[in-house]
There are 4 protein chains.
Amino acid sequence: MSPRNVEKDQLLRETRREHILDCALQVIAKQGIDSANVKDIAKEAGLSVGNVYNYFNSKDDIFSAVLQRGQINYGRKISDHALLELDARDKLHEICESWIATPENWAFTIMLQSIRTNETVNPELREAATRRFTANLEPMAEIMRQGQEAGVIVEGDPKQLAFYFVSLIQGLTLQLAPGYEIPVSIQAKTIVRLFSQPENSRKK
Amino acid sequence: MSPRNVEKDQLLRETRREHILDCALQVIAKQGIDSANVKDIAKEAGLSVGNVYNYFNSKDDIFSAVLQRGQINYGRKISDHALLELDARDKLHEICESWIATPENWAFTIMLQSIRTNETVNPELREAATRRFTANLEPMAEIMRQGQEAGVIVEGDPKQLAFYFVSLIQGLTLQLAPGYEIPVSIQAKTIVRLFSQPENSRKK
Amino acid sequence: MSPRNVEKDQLLRETRREHILDCALQVIAKQGIDSANVKDIAKEAGLSVGNVYNYFNSKDDIFSAVLQRGQINYGRKISDHALLELDARDKLHEICESWIATPENWAFTIMLQSIRTNETVNPELREAATRRFTANLEPMAEIMRQGQEAGVIVEGDPKQLAFYFVSLIQGLTLQLAPGYEIPVSIQAKTIVRLFSQPENSRKK
Amino acid sequence: MSPRNVEKDQLLRETRREHILDCALQVIAKQGIDSANVKDIAKEAGLSVGNVYNYFNSKDDIFSAVLQRGQINYGRKISDHALLELDARDKLHEICESWIATPENWAFTIMLQSIRTNETVNPELREAATRRFTANLEPMAEIMRQGQEAGVIVEGDPKQLAFYFVSLIQGLTLQLAPGYEIPVSIQAKTIVRLFSQPENSRKK
DNA sequence: AATGAATGAGCCTTCATTCAT
DNA sequence: CATGAATGAAGGCTCATTCAT
């Protein structure tokens with residue numbers, strides 16, 4: 001029927017979507033979520049404004065897709081780590097370091113807040129974001145649990161510890177906003193140590 | 001006419017300003033910073049829109065004043081604590097608890113991010129916010145230092161520890177956004193313990 | 001409190017609203033409902049676009065207000081006629097003539113259709129329009145009933161006759177669209193005669 | 001290549017055009033003329049948007065073609081009736097009944113109004129629509145004339161009566177908009193009676 | 001000081017139409 | 001012919017800010 005390659009089109013379409021999401025993230029990271037408008041996203045993506053709407057239904061749709069993608073990727077990463085045969089502290093260290101190293105990550109945190117906060121956002125989106133956040137807590141709690149069994153992570157409810165760890169990472173991420181200098185270095189090592197069981201207090 | 005009236009007027013004016021700031025905070029806490037507009041703030045304050053502009057130059061002016069006031073109050077509070085004759089852990093505990101308990105606090109954190117982030121915001125405001133944030137780190141670091149001397153707080157750069165502590169508190173605060181349920185309880189005790197030196201690892 | 005005259009303001013506000021409705025009707029009558037946009041209405045009213053929104057919540061709000069006002073005025077007029085001590089045929093004649101003579105009336109009919117038809121219009125508005133239309137049928141039916149009792153109006157269900165009469169008037173009104181010449185004159189006399197009982201077929 | 005193929009192609013093209021017009025009418029009848037867009041028409045027709053433009057030059061082109069086709073079919077029908085050997089009242093009755101029974105007919109009336117009304121529509125199209133409307137009045141007037149000669153239709157200018165009859169039908173059709181309930185039944189018999197000469201007033 | 005009507009820039013979104021493939 | 005991605009011009013609506021009263 002079609003004189004064009006349907007499969008290729010489909011692939012192109014998916015690539016384009018991803019590209020728009022990338023650009024949206026860039027714009028948010030650059031300008032903040034308040035100032036990030038569709039026009040700028042389109043420009044960043046090298047598309048016309050109208051064309052963006054061929055790939056997404058609305059601005060909120062774009063934002064929630066960015067958030068969803070980020071949350072899913074993040075969750076997958078943590079889950080992968082949970083399965084590894086490693087010292088839990090090393091896992092935390094690695095997670096911490098790679099998170100801090102990615103400059104766009106703070107945009108996710110900002111978006112998470114904005115989507116929660118903005119009353120005009122579809123409540124379902126807000127719930128979905130919360131659901132994913134909560135779900136992502138689970139593999140992190142599993143890592144804590146592993147560490148506790150090995151006696152290298154402090155005692156306490158693993159889920160609560162996971163929650164604190166994630167909140168700390170998020171809190172730190174926010175401090176890393178572009179153009180905002182903090183006179184304190186962030187060291188994964190020190191962060192992990194807060195959650196580590198000291199050598200001499202371990203059960204024999 | 002009389003000097004007393006001038007003084008009284010000045011006082012009234014200051015009271016009004018404070019009232020507007022209170023209401024602005026309320027609105028932000030209720031609607032989120034994106035949806036908080038001047039009209040709503042004026043309505044909450046029982047004033048006309050135009051009249052609000054008799055007390056503040058712009059919306060940004062209001063927001064930055066809210067933030068500034070919050071940061072200053074917060075800084076004063078921490079400084080006061082630093083001077084007390086108390087176990088550092090109790091100080092942290094009290095700071096933590098009172099922060100979490102105040103539902104509007106998350107609005108400050110949101111605002112901090114928004115003001116940092118928003119390109120359109122006067123760069124001087126952004127720098128001022130950062131400056132105050134950094135300044136507020138100092139008394140917190142002092143508390144850490146006190147705790148370390150008493151052997152009840154973990155070792156490490158006090159300022160860095162203070163930074164982590166504040167970031168953790170901020171991160172947790174964000175999770176407390178209104179209408180957003182997190183299936184984990186926040187306990188000041190557990191938080192403080194992360195920064196505490198375990199009994200049996202203390203130097204004699 | 002206010003340095004301005006509140007009552008006068010309220011009156012001004014109501015006058016303004018009416019003025020906007022008048023202008024909206026003019027624009028619709030001139031350009032058709034499809035082409036009638038808020039900008040044009042504002043221009044016709046000598047206001048800025050934004051200011052129109054100080055008086056109405058939305059374009060649909062304006063349109064439905066225009067319609068409502070027209071329907072209410074029309075209903076009132078028919079009801080007044082129903083109470084008069086006149087030959088029913090004269091009543092119909094007068095209603096017919098005055099309706100046809102008002103050039104904007106066709107806009108109401110167009111609007112009625114558009115509001116019914118347009119899926120994006122609030123269903124409640126649509127129902128309200130229908131409700132008023134149906135309600136307005138009643139006094140017209142009463143006139144028919146009076147005429148039948150006097151033996152000057154054709155027999156049949158008065159409400160149905162009213163419905164036909166109104167539909168005929170509406171149908172004719174539509175033909176009177178501006179810039180649309182129909183080579184047939186519209187005579188109230190002839191129209192009324194269609195609904196009249198012929199002399200020699202009346203019951204003695 | 002062969003002339004037969006060219007003919008066949010031509011036929012196929014014509015069939016396609018007709019199909020598109022059918023679908024356009026369906027969409028208009030379903031969504032109203034304001035919401036009827038090219039994309040929906042294409043989807044209804046099972047074609048791509050671009051392909052529709054291989055058969056019509058513009059959206060207005062489609063709409064005016066729909067209208068034209070409808071008007072021509074309608075005119076042909078009335079003309080056919082005018083030639084029949086039947087009581088004029090039966091002709092009116094049949095015309096009335098078949099018109100009311102076809103649910104899409106109201107779309108024509110709506111379109112007629114929209115095309116007349118819409119400033120942006122090519123004036124030639126508007127004139128063409130008016131011309132056809134006027135032309136279609138002629139066979140209807142002929143039926144009236146026949147009825148008057150047989151003494152079964154009320155006296156008066158036949159063309160004017162035709163105009164009233166058509167306007168009444170159109171007015172009633174508009175009341176039949178989808179999703180719009182009118183608490184009055186429409187009976188062809190009663191309608192025709194309005195235009196009928198009563199038994200006992202006929203000339204011997 | 002107090003009011004809120006008025007302004008106008010800017011944002012999101014839609015859609016007829018074009019065009020490379 | 002067939003496709004649907006791409007364009008860009010409007011249109012509806014919001015809102016910070018101003019200003020006459």
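By convention in this document, chain letters (A, B, ...) are assigned in the order of the sequence lines, proteins followed by strands, and residues within each chain are numbered from 1.
Checked by distance alone, C/Asn54 brings no side-chain donor or acceptor within 3.5 Å of a matching partner on the base of E/dA5.
The shortest distance between the side-chain N/O atoms of B/Arg13 and the OP1/OP2 oxygens of E/dA1 is below 4.0 Å. Distances shown here put every side-chain N or O of C/Arg16 at or beyond 4.0 Å from the OP1 or OP2 atom of E/dA5. Using a 4.0 Å cut-off, some side-chain N or O of B/Tyr55 falls inside it from OP1 or OP2 of E/dA2.
Separating the CG atom of C/Leu11 from the P atom of E/dG4 is a distance of 16 Å, rounded to the nearest angstrom. In this structure, the NZ atom of B/Lys59 is 11 Å from the C1' atom of F/dT14, given to the nearest Å. Atom P of nucleotide F/dC13 and atom CZ of C/Phe63 are separated by 10 Å, given to the nearest angstrom. Rounded to whole Å, the distance from CD1 on B/Ile20 to C1' on E/dA2 is 12 Å. Per the geometry, CG belonging to B/Asp61 stands 13 Å off C1' belonging to F/dA16, to the nearest Å. In this entry the distance linking CG of C/Leu12 with P of E/dG4 reads 14 Å, nearest Å. Put simply, CD1 on B/Ile33 is 15 Å from C1' on F/dA16, counting in whole angstrom units. B/Asp34 places its CG atom 16 Å from the C1' atom of E/dG10, with the value rounded to the nearest Å.
Across the interface with DNA chain F, nearest-nucleotide mapping of C/Ala36 and B/Asn57 shows C/Ala36 to be the residue nearer the 5′ end.
In a base pair of the Watson-Crick type (N1 to N3 plus N6-O4 or O6-N4) or a G-U wobble (N1-O2 and O6-N3), with each distance short of 3.5 Å, E/dG8 is matched with F/dC15. Both distances falling under 3.5 Å, in either a Watson-Crick or a G-U wobble arrangement, place E/dT14 opposite F/dA9. Pair check for E/dA1 finds none; no Watson-Crick or G-U wobble contact set falls under 3.5 Å. Under the Watson-Crick or G-U wobble criterion, with both distances below 3.5 Å, E/dA20 is paired with F/dT3.
The shortest heavy-atom contact between C/Phe56 and C/Ala65 is CE2-CB, 4.0 Å. The two residues A/Ala107 and A/Leu25 come nearest to each other via the heavy atoms CB-CD1, 3.6 Å. For A/Cys23 against A/Ala45, the heavy-atom pair with the smallest separation is SG-CA, 3.5 Å.
Using a 3.5 Å distance cut-off with no hydrogens or angles, the side chains of D/Arg17 and D/Tyr55 do not pair a donor with an acceptor.
The closest donor-acceptor contact from the side chain of A/Gln71 to the backbone of A/Ala129 lies under 3.5 Å. No side-chain donor-acceptor contact under 3.5 Å links A/Asn51 to the backbone of A/Leu47.
Of the residues in residues 39-50 of chain A, those lying under 4.0 Å from DNA chain F by heavy-atom distance are A/Leu47, A/Ser48, A/Gly50.
Taking 4.0 Å as the cut-off between side-chain N and carboxylate O, C/Asp22 and C/Arg69 count as a salt-bridged pair.
Looking at heavy-atom distances under 4.0 Å, B/Phe56 makes no contact with the nucleic acid at all. B/Asn51 comes within 4.0 angstrom of a base, heavy atoms only.
Within 6.0 Å of atom NZ in C/Lys39, 12 or fewer heavy atoms from other residues, nucleotides or ligands are found, so the atom counts as exposed in its surroundings.
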